[in-house]
Chemist: 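Here it is, the structure, as structure tokens.
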2 protein chains.
Amino acid sequence: MNDSVSTSAGSVSLLERIRTGEVLARDCPSREILNHVCSRWGVLVLVVLLDGMHRFSELRRKIGGVSEKMLSQALQSLEQDGFVERKALPVVPPHVEYRLTAMGEEVALQMDGLTSWIEDNLPRILAAREGKVAVG
Amino acid sequence: MNDSVSTSAGSVSLLERIRTGEVLARDCPSREILNHVCSRWGVLVLVVLLDGMHRFSELRRKIGGVSEKMLSQALQSLEQDGFVERKALPVVPPHVEYRLTAMGEEVALQMDGLTSWIEDNLPRILAAREGKVAVG
DNA sequence: CGGAATCCAAGATGATACTG
DNA sequence: CAGTATCATCTTGGATTCCG
């Protein structure tokens with residue numbers, strides 16, 4: 001369905017709203033970016049890369065449970081969005097380095113704030129959950 | 001090994017050992033919480049509720065593109081984690097209110113930081129993308 | 001080593017219809 | 001109004017295999 005916009009005589013066009021980057025608008029490109037950085041593996045990649053350059057297999061080892069395919073996919077999304085820089089050295093065996101761009105470090109700090117908060121408050125959260133679902 | 005530090009927290013420098021802690025462990029419950037608040041609709045629900053109490057259909061109207069089912073599901077996850085409080089008034093027609101708990105407001109602030117950053121930097125991000133995906 | 005390609009299972013998502 | 005139930009579909013995720 002169409003959502004709000006253009007109510008009064010004021011000519012607030014859809015394009016203008018999109019240009020300002022409204023995550024609540026279904027057609028805004030920011031939704032896609034949000035999904036990339038918030039994706040199951042994307043957020044973890046960002047947090048790990050805050051620690052500096054990593055090679056593919058280092059990332060894979062640090063991020064518990066990620067498959068090669070998913071890691072590769074997450075890295076590609078983040079690289080396309082300009083958050084991660086990929087440098088492949090022309091050697092044998094292959095040597096590829098991943099690191100955050102300046103912009104990537106900014107988002108990564110946001111995600112680190114989130115993951116840190118969750119880790120710090122995990123006991124509180126789990127306690128709240130027990131009180132809700134336990135009844136059975 | 002690198003960091004065997006776990007929950008002592010407090011005196012450990014953030015930038016020195018960028019938490020390779022809980023969220024990176026595949027079996028840690030924090031992963032599930034992370035996925036709830038980072039889910040496609042969960043993050044938007046949190047951000048909207050930062051504005052105060054909302055009814056179901058108000059949320060649905062504000063969050064462009066969400067279906068009833070997905071909104072309902074996101075709200076249930078967030079309620080279970082103790083981030084959202086649901087109050088159903090016994091009237092006809094039904095009247096249900098959703099609002100953030102104290103804990104929910106804390107996470108919501110984190111997510112708001114993220115979404116705001118994305119909105120503010122969308123032009124930069126899209127520009128970076130153009131340079132990558134565009135013509136070969 | 002660092003992927004890409006393929007196949008398949010599982011889960012997310014959405015439109016529709018229905019209920020209290 | 002605020003959901004739930006159902007079914008069809010699209011996307012994720014993982015294991016395997018192959019390549020430079």
Side-chain angles (χ1 to χ4, degrees), chain A residues 1-3 23-24 26-27 31-45 48-49 53-80 84-99 132, chain B residues 23-28 31-45 48-49 53-81 84-99 132-133 136:
Chain A
M1 313 308 172
N2 81 58
D3 57 330
V23 288
L24 296 181
R26 74 182 305 178
D27 293 324
R31 281 275 183 95
E32 199 182 337
I33 310 295
L34 186 60
N35 289 334
H36 288 168
V37 309
C38 274
S39 72
R40 184 168 173 192
W41 306 116
V43 45
L44 299 180
V45 166
V48 169
L49 286 183
M53 184 274 287
H54 279 72
R55 297 183 58 179
F56 187 85
S57 39
E58 290 174 340
L59 287 169
R60 185 147 148 63
R61 229 173 300 122
K62 285 200 180 180
I63 302 175
V66 70
S67 67
E68 291 179 358
K69 177 178 153 186
M70 288 300 104
L71 178 56
S72 175
Q73 194 173 300
L75 284 167
Q76 283 178 35
S77 292
L78 295 175
E79 186 194 358
Q80 240 194 11
V84 166
E85 183 197 4
R86 178 183 186 275
K87 188 195 290 185
L89 292 100
V91 296
V92 175
H95 182 105
V96 183
E97 302 184 345
Y98 293 94
R99 73 188 72 224
K132 307 256 177 185
Chain B
V23 288
L24 296 181
R26 69 181 307 172
D27 54 337
C28 183
R31 281 276 183 94
E32 198 182 337
I33 310 295
L34 187 59
N35 289 333
H36 287 168
V37 308
C38 275
S39 71
R40 184 168 173 191
W41 305 116
V43 45
L44 299 181
V45 166
V48 169
L49 286 183
M53 183 277 284
H54 280 73
R55 298 182 59 177
F56 187 85
S57 39
E58 289 173 341
L59 287 169
R60 185 147 148 62
R61 227 172 301 122
K62 284 200 181 182
I63 302 175
V66 70
S67 67
E68 292 179 356
K69 181 175 149 189
M70 287 300 104
L71 178 57
S72 175
Q73 192 173 301
L75 284 168
Q76 283 178 35
S77 292
L78 295 174
E79 186 193 0
Q80 244 196 6
D81 293 339
V84 166
E85 183 198 4
R86 177 183 186 275
K87 189 195 289 185
L89 290 90
V91 297
V92 175
H95 182 106
V96 182
E97 301 184 344
Y98 293 94
R99 72 189 73 222
K132 307 257 178 185
V133 299

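Chain letters run A, B, ... following the sequence lines, proteins first and then strands; every chain starts at 1.
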Chemist: CD of B/Q73 versus P of C/dA12: gap in Å, rounded?
Modeler: 7 Å

Chemist: May I ask you to evaluate whether B/Y98 reaches the phosphate of D/dC1, defined as a side-chain N or O under 4.0 Å from OP1 or OP2?
Modeler: no

Chemist: I'd like to know if the side chain of B/R55 reaches the main chain of B/E97, judged simply by a donor and an acceptor atom lying under 3.5 Å from each other, with no hydrogens or angles considered.
Modeler: no

Chemist: Assuming nearest nucleotide by heavy-atom distance, tell me which of A/S72 and B/W41 is located more 5' along DNA chain C.
Modeler: A/S72

Chemist: Starting from P on D/dG3, measure out to NZ on B/K69 and report it in whole angstrom.
Modeler: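 So the two atoms are 16 Å apart, to the nearest Å.
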
Chemist: Within the pair A/S57 and C/dG2, is there a side-chain N or O less than 4.0 Å away from OP1 or OP2?
Modeler: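 Looking at the OP1 and OP2 atoms of C/dG2, one of them is under 4.0 Å from a side-chain N or O of A/S57.
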
Chemist: Spell out, as yes or no, whether a donor-acceptor pair under 3.5 Å connects the side chain of B/R31 to the backbone of B/L24.
Modeler: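 A pair under 3.5 Å: yes.
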
Chemist: I'd like to know if the side chain of A/S72 pairs up with that of A/Q76 as donor and acceptor (distance under 3.5 Å, no hydrogens or angles considered).
Modeler: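 Distance-only check passes for A/S72 and A/Q76.
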
Chemist: Roughly how many Å is it from CG in A/L75 to P in C/dG3, rounded to a whole number?
Modeler: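 From A/L75 CG to C/dG3 P: 7 Å.
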
Chemist: In whole angstroms, how far is the P atom of D/dA15 from the CG atom of A/L71?
Modeler: 14 Å

Chemist: Among C/dA15, D/dG20, D/dC1, find the nucleotide with the atom closest to the side chain of A/P94.
Modeler: D/dG20

Chemist: Verify, without hydrogens or angle tests, whether B/R99 (side chain) and B/L49 (backbone) share a donor-acceptor contact under 3.5 angstrom.
Modeler: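 A pair under 3.5 Å: no.
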
Chemist: Nearest heavy atom decides the nucleotide; on that basis, is A/Q76 or A/P93 closer to the 5' end of DNA chain C?
Modeler: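 Per heavy-atom nearest nucleotide, the more 5' residue is A/P93.
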
Chemist: Once you round it to whole Å, what is the distance between P of D/dT6 and CE of B/M70?
Modeler: 15 Å

Chemist: I need the B/L78 CG to B/S39 OG distance, nearest 0.5 Å.
Modeler: 6.5 Å

Chemist: Roughly, in whole Å, what's the span from CD in B/E97 to P in D/dA2?
Modeler: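 From B/E97 CD to D/dA2 P: 10 Å.
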
Chemist: Classify the nucleic acid contact of B/R86 as base, sugar-phosphate or nothing, counting any heavy atom under 4.0 Å across all strands shown.
Modeler: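 If one applies the 4.0 Å heavy-atom cut-off, B/R86 turns out to touch the sugar-phosphate alone, with no base involved.
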
Chemist: Please report, rounded to the nearest Å, how far the P atom of C/dG2 is from the NZ atom of A/K87.
Modeler: 15 Å

Chemist: Would you please confirm or rule out a distance under 4.0 Å between OP1 or OP2 of C/dA12 and any side-chain N or O of B/R40?
Modeler: no

Chemist: Round to the nearest Å and state the distance from B/E68 atom CD to C/dC18 atom P.
Modeler: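 Taking CD of B/E68 and P of C/dC18, I get 14 Å after rounding.
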
